[in-house]
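Okay, structure first, notes after.
Proteins get letters first, then strands, A, B, ... in listed order; numbering begins at 1 in each.
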There are 2 protein chains.
Amino acid sequence: MKAEIIAVGTELLLGQIVNTNAQFLSQELAALGIDVYFQTVVGDNITRLEEAIRIAQGRADVILFSGGLGPTQDDLTKEVLASVLGTELHIDRMAMDKIEQFFLSRGAEMTENNRRQALSLKGSTPLENETGLAVGDAIAQDGKFYVVLPGPPKELKPMFHNQAKPWLLQQALTDEQPIYSKMLKFAGIGESALETRLLDLIESQSDPTIAPYAKEGEVTIRISTKASSQTEAMTKLNAMELQIQQRLPQHLYASEDIPLEKKLVDMMVARQLTVSAAESCTGGLLMESLTSVPGSATVLLGGVVCYTNEIKKKLLHVPASLLEGDNSPGAVSEEVARALAENVRLITDSDFGLSVTGVAGPGFAEGKPPGLVYIGIAERDRKTEVHELRLNGNRETVRLRAAKSIMYRLWRRLVDQETPSAE
Amino acid sequence: MKAEIIAVGTELLLGQIVNTNAQFLSQELAALGIDVYFQTVVGDNITRLEEAIRIAQGRADVILFSGGLGPTQDDLTKEVLASVLGTELHIDRMAMDKIEQFFLSRGAEMTENNRRQALSLKGSTPLENETGLAVGDAIAQDGKFYVVLPGPPKELKPMFHNQAKPWLLQQALTDEQPIYSKMLKFAGIGESALETRLLDLIESQSDPTIAPYAKEGEVTIRISTKASSQTEAMTKLNAMELQIQQRLPQHLYASEDIPLEKKLVDMMVARQLTVSAAESCTGGLLMESLTSVPGSATVLLGGVVCYTNEIKKKLLHVPASLLEGDNSPGAVSEEVARALAENVRLITDSDFGLSVTGVAGPGFAEGKPPGLVYIGIAERDRKTEVHELRLNGNRETVRLRAAKSIMYRLWRRLVDQETPSAE
């Protein structure tokens, strides 16, 4: 089964945005065993989009579209596809209800152009948009399968996972042996170090296949296999997971695609633990990550963003002697990381107190280089740990890696405590 | 002049990498006044690459290739292009010398396949690779212009800037006028509302053209024009900007592509103002956004993430009577937003104190619905403002919109204060 991805949007052709949707869909289709042979980007233009669809019809069985479903005049993916397929558009009642409800609940007037987002191809399966207003479409015609998805990644991804993928499995992939996959998530190790540790497995891979990739301070491995049943697949996947786990026991934190912060929150909810944080260079990123997880309210009590020394002293009782004067260690130091972690824990009466202090860059601070970061973990009735990090990358990367590093250390600490003690 | 970008590489079709080369080249071509009508990605496959080239010949004047110039058997961009153009490949002596020198200097033996990187189309202008070994190619035939660039961005970018761009300017663009663009950024208004307010301008657009798009709580418009000089272009662009500005004076916050948080930090740095924040439902997102801007250290003093009532009381002195008891307004209320903003400002002695308290979801809290958020802005010696928001979307979207909303309100307040008062 061959596929083509057509991304529609002049902003892509102007280079205003990068085509991450094509990457996401390519990965997903590969996991389904569908070979992507072409990715095409075309602007918001009727003639050229029509031409792109006709070319794709000549060389692909599955054609996925992203973008051009919005409310404005230049959003025309569905119109053009309907015209090529010789069908028409009609209003999808469920999508229309949702749009009306949206404007009603905001007390705002719905402008006429918003109706466009409820348009759907006659004869198609409408794909519900869980995170936006524009409805998607899936339609089969003459042995070809067409899937129309919205452009914003936060709408496209859930629509693909929850609507388009099941439709493809049911409609297009009936003869194929389904592919089963498992995602393994790693922290505290880089992509190339991880790949080196698994090189012989990766190079000799045939079944299951092993595909590593890195994003935002975490490394993911997808292991995949074709099998006639879930049971058969799981036997193969679990055996491979065990091999990988034995090589990287300190780093494999989840066997599903969840970020490290979710793993942490889930573990702490289960064990009724609480946490607080004092953030200097990360400026709230650590707490923001933890609170992005639903259910984090019972875990993260809160904390302090302490950019200035004044706030470190006033709200977190860091002694002036650590922060000021020629012989003080200064704000970016092991001593201050320790004081911040211990004090924020005491003040909030949480089980764990986390701290980050460092130089995010771009320039030096206190004569210390960008990328130098200290992280601390204090715990009720236990010893405080502090680590010095020397991180590479720009301001954004340093901040992200610092936040991931402290979450990694906290995860390690929680795992070590899981080992039952002989009481 | 119409262009197509063809990226060659199976790794793109598997989603292992994202096509940033297409974005880079699109931006560069737009700046040269060349319209990119299509981007295509094709795998390392002779038949399909040949097909892609023939399709591009039918719809573009300029065809740029990226990738497929490496030493291995599946790097075949030049072979296929030579075959389509009816020409042959020969060794480029300068490139070959460089490859030999490279291996000599490392004391390594050159393997035969490395010679492939010195291959060049007969009749072409070889494009020197300053940061790698594979030589590029530029060739004109039958009124079409072909540019072959390497895949790694750190090789492609300098080769484009220093070799391909001058060649294009000299060979292909002798008659063309360059395109000039300006980005306008808006906050506090959605894409469709904005478009409705500008509909007649957008529909009658010819020169300059107007293209709106939305991302992450902000709306951007790009206005573009072709002109023979910078001065002529700026006259046209500034006139259009003024028209747009007059219709949306409350929303246009920048005439360059910067996020709202950068605009705020820059304004506050210039006016030597400081800010602090008390964040409940946004969990640090507001402070994280502000501190993502280099230079924010003198503006954001810090603040408190106050998820629990205990922390609201202990660190931010919110009276228990507002938080607890049947007749209290509760944590998600105008009163608490006011107290949080005023108290965080007093405690940190900042010029502005910001607060966010609300229900991010997914569920209800205090019997209040997800999306209900109160934001507060306190200011030294001035009146505190509090706004009630009813936001749609999932947890992530509610948090993002709440953070953008308070930044928008702060921006409005700073702008209003710019109007010189009669002293």
Task: Most chain B-contacting option - heavy-atom pairs closer than 4.5 Å, from Thr72(A), Thr131(A), Asn113(A), Thr298(A) - done: Thr72(A)

Open item on the list: Do Ile221(B) and Ile210(B) make a side-chain contact, defined as non-hydrogen atoms from C-beta onward lying under 4.5 Å apart?
Closed with: yes

Open item on the list: I'd like to verify something: which residue of Val18(A), Val36(A), Asp74(A) has the highest number of heavy-atom pairs under 4.5 Å with chain B?
Closed with: Val18(A)

Task: chain B contact via Ile311(A) - side chain, backbone, both or neither, heavy atoms under 4.5 Å - done: side chain

Task: Any donor-acceptor N/O pair, Thr357(A) side chain to Ser280(A) backbone, under 3.5 Å - done: no

TODO: Let me know if Thr40(A) has heavy atoms under 4.5 Å from chain B in its side chain, its backbone, both or neither.
DONE: both

TODO: Answer with side chain, backbone, both or neither: which region of Pro362(A) has an atom nearer than 4.5 Å to a non-hydrogen atom of chain B?
DONE: side chain

Task: Close side-chain approach of Val373(B) and Arg401(B), heavy atoms under 4.5 Å - done: no

TODO: Go through the atoms of Thr20(A) and report whether side chain, backbone, both or neither lie under 4.5 Å from a heavy atom of chain B.
DONE: both

TODO: With a 4.5 angstrom heavy-atom cut-off, could you sort out which part of Asn19(A) is near chain B: side chain, backbone, both or neither?
DONE: backbone

Open item on the list: Looking at Ile347(A), is its backbone amide N or carbonyl O close enough to the side chain of Lys314(B) to form a donor-acceptor pair, meaning the two atoms are under 3.5 Å apart?
Closed with: yes

Open item on the list: Let's test your reading of the structure: which of Glu279(A), Glu310(A), Glu51(A), Glu11(A) forms the most heavy-atom pairs below 4.5 Å with chain B?
Closed with: Glu51(A)

- [ ] Check whether Arg48(A) gets within reach of chain B through its side chain, its backbone, both or neither, counting any heavy atom under 4.5 Å.
- [x] both

- [ ] Spell out, as yes or no, whether a donor-acceptor pair under 3.5 Å connects the side chain of Gln27(B) to the backbone of Gly15(A).
- [x] yes

TODO: Nearest 0.5 Å please: distance from the OG1 atom of Thr274(B) over to the CG atom of Asp349(B).
DONE: 7.0 Å

Task: Engaged part of Ala22(A) at the chain B interface, taking heavy atoms whose separation is under 4.5 Å - done: neither

TODO: Look at Arg390(B), Glu396(B), Met183(B), Arg59(B) and state which one has the largest set of heavy-atom pairs under 4.5 Å with chain A.
DONE: Arg59(B)

TODO: May I ask you to name which of Val304(A), Leu14(A), Thr111(A) has the most heavy-atom pairs under 4.5 Å with chain B?
DONE: Leu14(A)

Open item on the list: Using heavy-atom distances under 4.5 Å, tell me whether Val293(A) contacts chain B through its side chain, its backbone, both, or neither.
Closed with: backbone

Task: Evaluation steps, salt bridge (Lys or Arg N to Asp or Glu O under 4.0 Å), between Arg399(A) and Glu288(B) - done: CA-CA 10 Å; Arg399(A) 285 155 51 96; Glu288(B) 195 275 312; 3.0 Å; yes

Task: Region of Lys312(A) in contact with chain B, defined by heavy-atom distances below 4.5 Å - done: neither

Task: Heavy atoms from other residues, nucleotides or ligands near CD of Glu50(A) exceed 12 (cutoff 6.0 Å) - done: yes

TODO: Mind ranking Ala297(A), Cys306(A), Pro71(A) by heavy-atom pairs under 4.5 Å with chain B and telling me who comes out on top?
DONE: Ala297(A)

Task: Donor on one side chain, acceptor on other, Ser292(B) and Glu261(B), under 3.5 Å - done: no

Task: CD1 on Ile34(B) to CG on Leu29(B), rounded to 0.5 Å - done: 5.0 Å

Task: Best-contacting candidate, Leu315(A), Thr291(A), Ile5(A), against chain B by heavy atom pairs under 4.5 angstrom - done: Thr291(A)

Task: Contacting moiety of Ser296(A), where chain B heavy atoms sit under 4.5 Å - done: both

